[in-house]
Amino acid sequence: NAGVTQTPKFRVLKTGQSMTLLCAQDMNHEYMYWYRQDPGMGLRLIHYSVGEGTTAKGEVPDGYNVSRLKKQNFLLGLESAAPSQTSVYFCASAGSTEAFFGQGTRLTVV
Amino acid sequence: GENVEQHPSTLSVQEGDSAVIKCTYSDSASNYFPWYKQELGKRPQLIIDIRSNVGEKKDQRIAVTLNKTAKHFSLHITETQPEDSAVYFCAASMGTGFQKLVFGTGTRLLVSP
């Protein structure tokens with residue numbers, strides 16, 4: 001049972017490049033979330049999903065898009081990366097009890 | 001908008017002392033309040049949670065209290081140990097069920113031997 005797995009773990013992008021972060025969960029959870037973590041700012045919610053085929057904006061959605069085509073996967077896309085998107089990104093999934101986090105993705109935009 | 005405020009941002013205590021971290025939330029419909037611990041370089045992990053139909057919950061040295069009227073909840077750690085040093089996050093589930101899970105800005109706890 002892998003829990004919540006994020007791919008990749010590390011990535012360096014040039015300004016203007018695009019990329020997709022993948023979050024996969026094997027717990028049949030309905031809810032999935034993408035957060036970014038920056039020093040002193042905690043975990044800020046980017047987008048979330050309450051079920052397959054649904055997505056909603058969180059606190060800081062600008063510059064990001066998401067898709068939940070399959071229940072087990074939640075994709076986070078950056079269409080044109082900016083240095084301000086340098087951060088650690090965490091995915092989480094939740095059923096009816098608690099939310100579990102992935103191991104994080106450290107993204108640097110240069 | 002919906003948000004969770006957390007205080008203090010840093011907290012230093014001596015081993016054996018108690019530590020208290022406080023959070024307030026804005027959405028009166030929130031009904032689930034977890035606390036997460038994050039060690040350096042690791043993912044956040046749940047340490048205790050409370051639902052809106054309960055006022056207090058305890059698990060060994062940690063406890064959480066909830067005041068729905070005032071919209072605030074607190075984490076209490078007694079008999080602190082150096083391994084309690086970490087960043088602690090509170091969160092609130094906005095709306096019914098899990099829905100939108102919003103976190104506070106975190107508290108860095110340092111327990112000195």
Side-chain angles (χ1 to χ4, degrees), chain A residues 2-7 9-10 21 23-25 27-51 54-62 66 68 71 74 87-106, chain B residues 1-11 21-27 29-51 54 57 59 64 75 86-109:
Chain A
V4 182
T5 303
Q6 292 181 229
T7 309
K9 293 183 175 59
F10 303 94
L21 281 69
C23 178
Q25 54 97 359
M27 296 174 282
N28 201 35
H29 284 167
E30 291 293 335
Y31 306 99
M32 295 188 75
Y33 310 87
W34 275 107
Y35 296 90
R36 60 176 291 173
Q37 185 172 31
D38 303 294
M41 304 190 77
L43 293 157
R44 291 185 292 170
L45 182 62
I46 305 171
H47 286 280
Y48 66 104
S49 169
V50 299
T54 74
T55 63
K57 293 181 179 180
E59 303 166 280
V60 289
D62 293 344
V66 288
R68 183 103 181 265
K71 187 177 184 179
F74 195 29
S87 188
V88 178
Y89 291 85
F90 282 100
C91 172
S93 74
S96 57
T97 55
E98 66 179 272
F100 295 87
F101 281 83
Q103 78 276 29
T105 296
R106 184 172 294 276
Chain B
E2 299 159 324
N3 71 303
V4 175
E5 294 188 359
Q6 183 172 347
H7 300 281
S9 56
T10 58
L11 180 58
I21 303 170
K22 298 182 179 181
C23 290
T24 59
Y25 60 97
S26 60
D27 188 344
S30 297
N31 60 1
Y32 176 65
F33 308 92
W35 286 89
Y36 282 78
K37 176 182 181 182
Q38 186 181 29
E39 296 176 342
L40 190 63
K42 297 191 176 181
R43 72 189 79 188
Q45 293 197 301
L46 182 74
I47 55 172
I48 195 168
D49 57 12
I50 192 168
R51 296 190 181 273
V54 176
K57 184 176 179 181
D59 183 2
V64 57
L75 177 71
V87 179
Y88 292 81
F89 292 97
C90 63
S93 180
M94 304 293 179
T96 57
F98 257 90
Q99 300 293 327
K100 189 176 183 180
L101 188 61
V102 178
F103 282 79
T105 50
T107 296
R108 183 173 299 279
L109 175 65

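Convention: sequence-line order gives letters A, B, ...; per-chain numbering from 1.
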### Task
Below 4.5 Å from any heavy atom of chain B, which atoms of Val88(A) appear? Answer side chain, backbone, both or neither.
neither

### Interchain contact, Leu43(A) with chain B, by part (heavy-atom threshold 4.5 Å)
both

### Per-residue contact mode, Pro44(B) against chain A (heavy atom under 4.5 angstrom)
both

## Note on the structure
Turns out that what part of Gln45(B) lies under 4.5 Å from chain A's heavy atoms comes down to neither

## Note on the structure
Assert top hit (heavy-atom pairs under 4.5 Å, partner chain A, pool Gln6(B), Arg108(B), Arg43(B)) equals Arg43(B)

### Message
Under the rule for side-chain contact (heavy atoms from CB on, under 4.5 Å), what residues qualify as partners of Glu30(A), not counting sequence neighbours?
### Response
Lys71(A)

### Message
For Glu5(B), give me all partners under side-chain contact (heavy atoms from CB on, under 4.5 Å), at least two apart in sequence or on another chain.
### Response
Asn3(B), His7(B), Thr24(B)

### Summary
Of Tyr33(A), Phe90(A), Tyr35(A), the one forming a ring-ring contact (aromatic ring centres under 6.0 Å, His included) with Phe103(B) is Tyr35(A)

### Query
Taking all non-hydrogen atoms of both residues, which atom of Leu45(A) and which atom of Leu101(B) are closest, and how far apart?
CD2-O, 4.0 Å

### Nearest non-hydrogen partners of Glu98(A) and Tyr36(B), listed with the distance
C-OH, 4.5 Å

### Task
For the pair Lys42(B) and Phe101(A), evaluate side-chain contact (heavy atoms from CB on, under 4.5 Å) and give the outcome as yes or no after the intermediate values.
CA-CA 10 Å; Lys42(B) 297 191 176 181; Phe101(A) 281 83; over 6 Å; no

